[in-house]
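FYI, side chains are in, hydrogens and waters are out, and symmetry mates aren't considered; it's all heavy atoms of this structure.
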Amino acid sequence: MFVSLLAPKRLIGIAGGTFNIIGGTASIIIPIVIGFLAKGGDFAPALTFITCITFAGALSYIFLVGKIERVQAFRSF
């Protein structure tokens, strides 16, 4: 829903597809990184990694996301 609020009406499909491919890529990479960090049986580095990712996401939302409104696309003739 967040993507559909931000993307121009005629570009919702492209914006949604880009959003989903980034999420899909993260769903492949993050478990590999966690497996590498927890390889020795200690999950503390993996939990620290996830905590840092969560903290970075929260900070980016707080400081980078401004007013939520639809972006107006230029019309090309």
Counting only heavy atoms not in Ile62 (residues, nucleotides, ligands), do more than 12 fall under 6.0 Å from its CD1?
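Yes.
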Count the heavy atoms of every other residue, nucleotide or ligand shown that sit under 6.0 Å from CZ of Phe49, and state whether that count exceeds 12.
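Correct, the count exceeds 12.
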Could you tell me which non-hydrogen atom of [X] sits nearest to which non-hydrogen atom of [Y], and how far apart they are?
X: Ile28; Y: Pro31; value: O-CD, 3.5 Å
X: Pro45; Y: Asp42; value: CD-O, 3.5 Å
X: Leu47; Y: Thr51; value: O-OG1, 2.7 Å
X: Ala56; Y: Ser60; value: O-OG, 2.5 Å

In Å and rounded to the nearest 0.5 Å, what is the OG to CD1 distance from Ser27 to Ile22?
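Interatomic distance, Ser27 OG to Ile22 CD1, rounded to 0.5 Å: 12.0 Å.
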Value rounded to 0.5 Å, distance of CD1 in Ile34 from CD1 in Ile53:
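Interatomic distance, Ile34 CD1 to Ile53 CD1, rounded to 0.5 Å: 8.5 Å.
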Checking side-chain contact (heavy atoms from CB on, under 4.5 Å) against Ile50, which of Ile30, Val33, Leu37 comes through?
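So the option named by the test is Ile30.
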